[in-house]
Trainee: 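Below you will find the structure I want to go over with you.
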There are 4 protein chains.
Amino acid sequence: MNDSGHSTNSAAGSKRKDARRNQQLLLDAAAAVFVTSGVEAPVRDIAAKAGVGMGTIYRHFPTRADLVIAVYRHQVDACAEAGPALLSECPTPYAALEQWINLFVDFLITKHGLAAVLQPDNSSFESLHAYFLDRLVPVCDRLLDAAAERGEIRPGLDGLELMRGVGNLCVGAESDPGYDARRLVALLVTGLRRTR
Amino acid sequence: MNDSGHSTNSAAGSKRKDARRNQQLLLDAAAAVFVTSGVEAPVRDIAAKAGVGMGTIYRHFPTRADLVIAVYRHQVDACAEAGPALLSECPTPYAALEQWINLFVDFLITKHGLAAVLQPDNSSFESLHAYFLDRLVPVCDRLLDAAAERGEIRPGLDGLELMRGVGNLCVGAESDPGYDARRLVALLVTGLRRTR
Amino acid sequence: MNDSGHSTNSAAGSKRKDARRNQQLLLDAAAAVFVTSGVEAPVRDIAAKAGVGMGTIYRHFPTRADLVIAVYRHQVDACAEAGPALLSECPTPYAALEQWINLFVDFLITKHGLAAVLQPDNSSFESLHAYFLDRLVPVCDRLLDAAAERGEIRPGLDGLELMRGVGNLCVGAESDPGYDARRLVALLVTGLRRTR
Amino acid sequence: MNDSGHSTNSAAGSKRKDARRNQQLLLDAAAAVFVTSGVEAPVRDIAAKAGVGMGTIYRHFPTRADLVIAVYRHQVDACAEAGPALLSECPTPYAALEQWINLFVDFLITKHGLAAVLQPDNSSFESLHAYFLDRLVPVCDRLLDAAAERGEIRPGLDGLELMRGVGNLCVGAESDPGYDARRLVALLVTGLRRTR
DNA sequence: GATGAATGAGGGTTCATTCAT
DNA sequence: GATGAATGAACCCTCATTCAT
C-alpha cells in the first residue's frame with residue numbers, strides 16, 4: 001500500500017517523476033471534484049479536472065476507494081494523531097473527546113458524500129471503510145475509555161458506534177443551510193455524560 | 001366512469017379488482033426491494049419482484065417519489081397520529097417525545113436508504129421529502145414545545161433539525177449488526193435534557 | 001367494408017346505437033388529434049379525447065390506417081366527386097384540373113402528417129395509401145387526359161405521379177409560415193402546360 | 001494534447017488511427033442505415049452496422065443531428081460549391097439553375113427520410129436544418145436572382161421556398177419505382193419560367 | 001507509463017396491442 | 001360491446017472499465 005521498493009528507480013520509494021506528479025494532480029483534482037460532485041463523481045470528470053487520461057487514474061488508484069482513501073489520508077492521519085495530543089492537553093478526557101469529535105466533524109462536513117460512503121454496506125468502498133475504522137476507532141476508543149474511567153461518561157458505548165453515529169449526523173450537512181451537524185453531534189456527546 | 005351499475009365492485013376504492021391487487025403487489029414488492037437495494041432500486045427489479053410489467057409501475061406511480069410515498073404513507077401517517085396521543089397519555093411531554101422518537105426510529109431503521117433520501121438535495125425526491133416534513137415536523141415541533149414549556153429540555157432545537165438528525169442516525173442501521181441506532185438516538189435525546 | 005347485414009340488430013346495416021355513437025366520437029376525436037399531433041398520434045390520446053377506452057378504437061378500427069381512412073373518407077369522397085363536376089363546369093379541362101388540384105391541396109395541408117403518410121413505404125399505412133389512390137387517381141387521370149386531348153398540357157404524366165408530387169409538396173405545409181404549398185403546387189401545374 | 005512527438009500519426013486530422021477509422025465506419029454505416037431505415041433509425045442499428053459499440057457513436061456524434069450532418073456534409077458542400085461554377089459555365093442562369101437543382105435532387109433522392117427531416121418542426125434536428133439552409137439557400141438565391149434579372153423566370157420565389165419544395169418532391173422517391181422525382185422537379189422549375 | 005477510444009451493461013421511459021373484467 | 005390495466009419490446013443515454021496505440 002505504501003511506497004514499496006519494487007520499483008527499479010533509484011529514488012527511495014518513488015516512481016518516475018512524472019508519475020509522482022500525476023499522482024498529485026489526481027489527488028488535487030479528486031479533492032476538488034469530490035467537494036462539488038461527491039465521492040461518486042464520474043471518473044471522467046476527475047481525469048478531466050486533473051488533465052490526465054482515465055487510464056492514469058486506474059493505474060494509480062485501481063479502485064475508487066483507493067482514490068478516496070488517498071485523498072483523505074492526510075486528514076484522517078492528522079485526526080488520528082490529534083487524539084493522544086488532545087488527551088494530554090485538555091483538562092479532562094471528556095473535554096478532549098469533545099474536541100476530538102469536533103475535529104472529526106469538521107473533517108466530514110466539508111466532504112460531500114463522504115459520510116454516506118462510510119456505510120459498511122457499500123461494497124465498493126469496503127477498503128475505505130476499513131481504513132477509516134482502523135485508523136480512527138482506536139483513537140476514539142481510548143478517549144472514551146479515559147473519560148469513562150474518570151466517571152465523566154457512562155461506559156458501554158464503543159468508539160466504532162460513536163463514530164458511525166457522528167458520521168451519520170454529518171450526512172448531507174454541507175448542502176442544507178438549515179441543518180447544523182455540529183450542534184446535533186454536540187447533543188449526542190452531551191447525552192453521553194454521566195447523569196449524576 | 002364512476003362505479004357503473006353492472007360492476008360487481010362494491011368497495012369505494014379504485015376501478016378494478018386486479019388493478020387494486022397489482023397496486024398492492026407493487027407496494028409489497030417495492031417495500032421488499034427497498035429493504036435490500038434501497039429506494040433507488042431499478043424499476044425493473046421492483047416490477048420483477050411484483051411479477052408485473054414495468055409499465056404497470058408507471059401507471060400506478062408515475063414517478064419514483066410517488067411509489068416511495070405510497071409505500072411509506074401508512075407508516076408515516078401512523079407515526080404522525082401517534083404524537084398527540086402520546087402527549088396525552090404519557091406522564092410528561094419529554095416522555096412522550098422519547099416514545100415518539102422511538103416510533104420514528106423503528107419506522108426508519110427498517111427502510112434501507114429511506115433516511116438517505118430525506119436529504120433535501122435529492123431533486124427527484126422533492127415531493128417525498130415534502131411529504132415527510134409536512135406530516136411529521138409539526139408533530140415533532142409540538143412535542144418539543146411542550147417539553148420546553150415544562151422546562152424538561154433546553155429550548156432552541158426545532159423539530160425539523162431533530163428529525164433530520166434522528167433520520168441520519170438511522171442511515172444504514174439495518175445492515176450493520178454492530179450499530180444500534182436506537183441507542184444513539186437515545187443519547188441524542190438525552191442530550192436535549194435541561195441540565196439541572 | 002360497408003355495413004354488412006350480419007348484425008342481429010333490426011336497423012338496416014347498423015350496430016347497436018351506442019356503438020354507432022362511439023364510432024362517431026372516435027372519428028371526431030381522431031380528426032381533432034390528427035390536426036394537432038399528426039396521424040401518428042398515440043392511440044391513448046385519441047381514446048382519451050373521445051372519452052372511450054382504447055379497446056374501443058381497436059374494435060372499430062383494427063389498424064391505424066383504418067381509422068385514418070375513416071376520418072378522411074368523406075373528404076376524399078367529396079374530392080373524388082368534385083372531379084367530374086369541375087370538368088363539366090369549367091371552361092377548359094386545364095382549368096378544371098387546376099381547381100381540382102386546389103381542392104386536393106386544401107384537403108392535405110390541413111392534415112398534419114397526412115401527406116407524409118401517403119408515402120408507399122410506410123407499411124402500416126398500406127391500406128390508407130391504397131384507398132387514396134383507388135379513389136382519387138382515376139379522377140386525376142381523367143382530368144389529365146381531357147386536358148391532354150385538348151392540347152393544353154403535355155401528355156405523359158399520369159395521375160398517380162402528379163398526386164404523389166402534389167402530396168409531397170404539402171408535407172409539413174401547415175407548420176411553416178414561410179412555406180406556401182399552394183404556390184408551389186401552382187408552379188408544378190403550370191409546368192405541365194404545353195409550351196406553345 | 002496536440003500531436004505529440006512519439007505519435008506516428010502524420011495526418012493533421014484527429015487523434016488516433018483507429019478512432020478515425022471508426023468515425024469513417026460510422027459514417028458509412030449511418031449512410032447505409034439511413035437509406036433503408038431513415039435518419040431516425042435506432043442508434044443501436046447504426047452501431048451494429050458499423051460493428052462498434054453504441055458509446056462510440058455518442059463519442060463521435062453527441063446528437064443525432066451531428067451524425068446526420070456529418071454523413072451529408074461532403075455532399076452538401078459539393079452541392080453548394082457547384083452553384084457558382086454552374087453559373088459561370090452555363091449559357092444562361094436558368095440553365096445553371098436547372099442543373100443545380102438536378103444536383104440537389106440527385107443528392108436527396110438517395111437519402112431516405114432526409115427530405116422529411118428538413119421539415120423545420122423537427123426539434124431535435126434543428127442544427128441539421130440550419131446547416132442545410134445556411135449552406136444551400138444562399139446559393140439557390142443567387143441562381144434565382146440571376147435568372148430573374150435576365151428575365152428568364154418570374155421573380156418572387158425565394159430560394160428557401162424552392163428548396164423546400166424540391167426537397168419535399170424528393171420525399172420517398174427512392175422507394176417507389178413509379179415515382180420520378182426528377183421529372184416532377186423539372187415540371188416545377190419549368191413552371192418558374194416567364195410565360196412570354 | 002499515459003492516453004482516451006471503445007465497449008456494453010445498466011437503467012429510465014414510452015406506447016402499441018392484448019385481454020380479463 | 002366497452003373498458004382500461006397490463007405487458008414488454010424498443011428506444012434512449014450514461015459511465016465504469018478495459019486495452020490498443
Side-chain angles (χ1 to χ4, degrees), chain A residues 15-19 22-23 40-45 47-48 51-60 62-64 124, chain B residues 1 4 6-9 14-23 25-26 40-45 47-48 50-60 62-64 124, chain C residues 15-20 22-23 40-45 47-48 51-60 62-64 124, chain D residues 1 4 6-9 14-23 25-26 40-45 47 50-60 62-64 124:
Chain A
K15 311 283 173 53
R16 280 218 243 133
K17 197 162 53 184
D18 60 336
N22 271 339
Q23 177 127 357
E40 314 243 32
V43 178
R44 226 188 282 296
D45 293 357
V52 305
M54 291 172 306
T56 306
I57 293 190
Y58 283 94
R59 165 172 300 274
H60 287 288
T63 73
R64 182 182 293 269
S124 67
Chain B
M1 203 64 85
S4 50
H6 75 283
S7 169
T8 62
N9 180 354
S14 39
K15 224 42 133 320
R16 278 213 245 156
K17 197 165 52 184
D18 59 338
R20 273 207 316 273
R21 199 187 49 107
N22 270 337
Q23 176 129 356
L25 278 176
L26 273 171
E40 314 243 32
V43 179
R44 270 183 183 74
D45 292 358
V52 305
M54 289 172 309
T56 305
I57 292 191
Y58 284 97
R59 162 178 295 275
H60 288 286
T63 74
R64 183 182 292 271
S124 67
Chain C
K15 310 283 174 51
R16 279 218 244 135
K17 196 164 51 182
D18 60 337
R20 269 205 323 272
N22 272 338
Q23 177 126 356
E40 315 242 32
V43 178
R44 227 189 282 297
D45 293 357
V52 305
M54 291 172 306
T56 306
I57 293 191
Y58 283 94
R59 165 172 299 274
H60 288 288
T63 74
R64 182 182 292 268
S124 67
Chain D
M1 204 63 87
S4 50
H6 75 282
S7 169
T8 62
N9 181 356
S14 38
K15 225 39 136 318
R16 277 212 245 156
K17 198 164 51 183
D18 59 337
R20 273 205 318 274
R21 199 188 50 106
N22 270 337
Q23 175 129 355
L25 279 174
L26 274 170
E40 315 242 32
V43 178
R44 264 187 187 72
D45 291 358
V52 305
M54 287 172 313
T56 305
I57 293 191
Y58 285 98
R59 162 179 294 275
H60 288 285
T63 73
R64 183 181 292 269
S124 67

Trainee: Using heavy atoms to find the nearest nucleotide of DNA chain F for D/Asp45 and B/Gly53 separately, return the residue whose nucleotide is more 5′.
Mentor: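 Upstream on the strand: B/Gly53.
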
Trainee: To the nearest Å, give me how far apart CG (D/Leu25) and C1' (E/dA6) are.
Mentor: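 After rounding, the reported distance stands at 12 Å.
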
Trainee: Taking atom C1' of E/dT7 as reference, at what distance in whole Å does atom OH of D/Tyr58 sit?
Mentor: 14 Å

Trainee: For D/Thr56 and for C/Pro42, locate the closest nucleotide of DNA chain E by heavy-atom distance; then report the residue assigned to the nucleotide nearer the 5' terminus.
Mentor: D/Thr56

Trainee: Taking Watson-Crick and G-U wobble pairs with both distances under 3.5 Å, convert DNA chain E into its dot-bracket string, 5' to 3', dots for unpaired and | for cross-strand pairs.
Mentor: .||||||||||||||||||||

Trainee: What's the separation between atom CG in B/Asn22 and atom NZ in B/Lys17, rounded to the nearest 0.5 Å?
Mentor: 13.0 Å

Trainee: With nearest nucleotide decided by heavy atoms, which residue, D/Arg21 or C/Gly55, maps closer to the 5′ end of DNA chain E?
Mentor: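 Between the two, 5'-proximity favours D/Arg21.
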
Trainee: If I compare all heavy atoms of B/Glu40 with all of B/Arg64, which pair ends up nearest, and what's the gap?
Mentor: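 Heavy atoms of B/Glu40 and B/Arg64 come nearest at C-NH1, 3.4 Å.
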
Trainee: Expressed as a whole number of angstroms, how long is the span from D/Arg20:CZ to E/dG4:P?
Mentor: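 Atom CZ in D/Arg20 sits about 16 Å away from atom P in E/dG4.
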
Trainee: Between atom CE of C/Met54 and atom CG of C/Asp45, what is the distance when rounded to the nearest 0.5 Å?
Mentor: 11.0 Å

Trainee: Rounded to the nearest Å, what distance is computed from the CZ atom of residue C/Arg64 to the P atom of nucleotide E/dC15?
Mentor: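 It is 11 Å, rounded to the nearest whole Å.
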
Trainee: Taking donor-acceptor contacts at under 3.5 Å, does the side chain of B/Arg44 reach the base of E/dG10?
Mentor: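 Side chain to base: no pair below 3.5 Å.
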
Trainee: Need to verify one output field. Residue with the more 5' nearest nucleotide on DNA chain F, D/Met54 or B/His60?
Mentor: B/His60

Trainee: Can you tell me the distance, in whole Å, between the CD1 atom of A/Ile57 and the C1' atom of F/dT18?
Mentor: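 After rounding, the gap between these two atoms is 14 Å.
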
Trainee: So, for B/Ile57 and B/Val43, which heavy atoms are closest and what is the spacing to 0.1 Å?
Mentor: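 Reported closest heavy-atom pair: CD1-O, 3.6 Å.
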
Trainee: Roughly how far, to the nearest 0.5 Å, is CG of B/Asp18 from CD of B/Gln23?
Mentor: 11.5 Å

Trainee: Rounded to whole Å, how long is the line connecting atom CZ of A/Arg59 with atom P of F/dT18?
Mentor: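 Result: 13 Å.
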
Trainee: Whether C/Asn22 contacts F/dG1 is assessed here as follows: a side-chain N or O lying under 4.0 Å from the phosphate OP1 or OP2. Is that the case?
Mentor: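 Negative; the distance criterion is not met.
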
